[in-house]
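In what follows, a single structure is set out as structure tokens and then discussed.
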Amino acid sequence: MSKTVRELAEQFDVSKQAINKRLTTDFRRQHVTTKTSNGVATLLIDKTGEMLLYKAFKGNNAPTQNDKQDQQLVVGLLSEQLEHQKRESAIKNEQLAAKDEQLKTMQKLLDQSQQLQLIAEKKIESLQQPATSKMEEEGKAPQDPVVDESTKKGFWARLFG
């Protein structure tokens, strides 16, 4: 779990300024995230960053048993993160497969809908053709609608003319 600069300063018995001096740009890029709450930005340092700061403030330069334990702890944390990412990746792959299946189903339904629409249009057309041919046989042509003379005139001609 990430900790704030204040929490780490209390844990290591140092000031916040001392912690901030250790936060180089590379360290910030790799181990620090910024959380904004109520307009206040708070720096959160992850577990590996916490371990590095712990070594800087509590550890000495000679490799000791604690350093080995710390390294094992860091390796354990990294392996946990890797496993978590693998699980998330597997879940997302399953979700993508489900979405692909949904897309295939939707495409099939759309194709079927288009085919039904085409059949309906052909049926309507075939029903209209006999009615038109019957009128022609009787000598009646389909009547064109009567066009009103006023609709042929423009707007201004109708208004002023």
Side-chain angles (χ1 to χ4, degrees), residues 1-11 16 19-20 22-55 70-161:
M1 182 170 168
S2 300
K3 291 188 178 180
T4 64
V5 173
R6 176 180 286 164
E7 291 170 344
L8 291 176
E10 290 173 2
Q11 180 179 344
K16 291 191 308 185
I19 298 284
N20 284 325
R22 300 285 181 171
L23 302 181
T24 62
T25 55
D26 289 336
F27 186 88
R28 284 179 186 255
R29 192 175 328 114
Q30 294 174 358
H31 305 289
V32 177
T33 57
T34 304
K35 176 185 172 189
T36 305
S37 173
N38 293 334
V40 177
T42 304
L43 299 178
L44 296 174
I45 301 163
D46 63 5
K47 277 289 193 188
T48 53
E50 180 182 346
M51 297 308 300
L52 292 172
L53 287 173
Y54 175 79
K55 285 181 185 179
D70 292 342
Q71 288 175 353
Q72 289 175 351
L73 181 62
V74 169
V75 169
L77 289 172
L78 290 175
S79 64
E80 280 180 26
Q81 289 176 351
L82 181 63
E83 289 299 319
H84 179 69
Q85 288 176 348
K86 284 181 181 179
R87 286 190 301 266
E88 282 183 351
S89 177
I91 290 170
K92 289 183 188 210
N93 285 340
E94 289 174 6
Q95 290 174 345
L96 281 174
K99 290 293 180 188
D100 286 343
E101 198 61 36
Q102 286 177 347
L103 283 173
K104 285 179 186 177
T105 304
M106 294 301 287
Q107 187 65 33
K108 185 177 179 181
L109 290 172
L110 178 63
D111 187 42
Q112 289 174 352
S113 172
Q114 289 173 345
Q115 288 175 0
L116 286 173
Q117 182 69 26
L118 181 64
I119 291 169
E121 286 176 7
K122 285 182 179 179
K123 199 174 234 183
I124 290 171
E125 184 178 308
S126 68
L127 291 174
Q128 285 178 347
Q129 281 180 345
T132 307
S133 62
K134 283 181 185 178
M135 286 182 157
E136 288 175 0
E137 287 175 6
E138 293 174 4
K140 294 181 183 175
Q143 295 180 356
D144 290 333
V146 177
V147 178
D148 188 16
E149 198 61 36
S150 65
T151 58
K152 287 185 177 180
K153 292 182 181 179
F155 173 75
W156 294 109
R158 282 182 287 170
L159 186 64
F160 293 114

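Since the model is a prediction, treat every value here as computed from it, not as a measurement.
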Beyond-backbone contact of [X] with [Y], side-chain heavy atoms, under 4.5 angstrom:
{"X": "V5", "Y": "N20", "result": "yes"}
{"X": "E50", "Y": "Q11", "result": "yes"}
{"X": "R28", "Y": "L43", "result": "yes"}
{"X": "L53", "Y": "I45", "result": "yes"}
{"X": "K3", "Y": "L44", "result": "no"}

Indicate yes or no for a side-chain donor-acceptor contact from [X] to the backbone of [Y] under 3.5 Å, with no hydrogens or angles considered.
{"X": "S79", "Y": "V75", "result": "yes"}
{"X": "E83", "Y": "E80", "result": "no"}
{"X": "T24", "Y": "F27", "result": "yes"}
{"X": "S89", "Y": "Q85", "result": "no"}

| query | Less than 4.0 Å between a side-chain N and a carboxylate O, is that true for R29 and D26? | reply | yes
To the nearest 0.5 Å, how far apart are [atom1] in [X] and [atom2] in [Y]?
{"X": "R87", "Y": "L82", "atom1": "CZ", "atom2": "CG", "value": "10.0 Å"}
{"X": "Q114", "Y": "L116", "atom1": "CD", "atom2": "CG", "value": "10.5 Å"}
{"X": "M106", "Y": "Q102", "atom1": "CE", "atom2": "CD", "value": "8.5 Å"}
{"X": "Q112", "Y": "Q107", "atom1": "CD", "atom2": "CD", "value": "11.0 Å"}
{"X": "L52", "Y": "R22", "atom1": "CG", "atom2": "CZ", "value": "11.0 Å"}
{"X": "K35", "Y": "T4", "atom1": "NZ", "atom2": "OG1", "value": "10.0 Å"}

| task | Might you point out which heavy atoms bring K55 and D70 nearest each other, and give the distance in Å? | result | CE-CB, 3.9 Å
| Looking only at heavy atoms, which two atoms of K16 and A9 are closest? And how far apart? | N-CB, 3.9 Å
| query | Do E88 and H84 have side-chain N/O donor and acceptor atoms under 3.5 Å apart? | reply | yes
| field | Atom CD of E121: over 12 foreign heavy atoms under 6.0 Å | value | yes
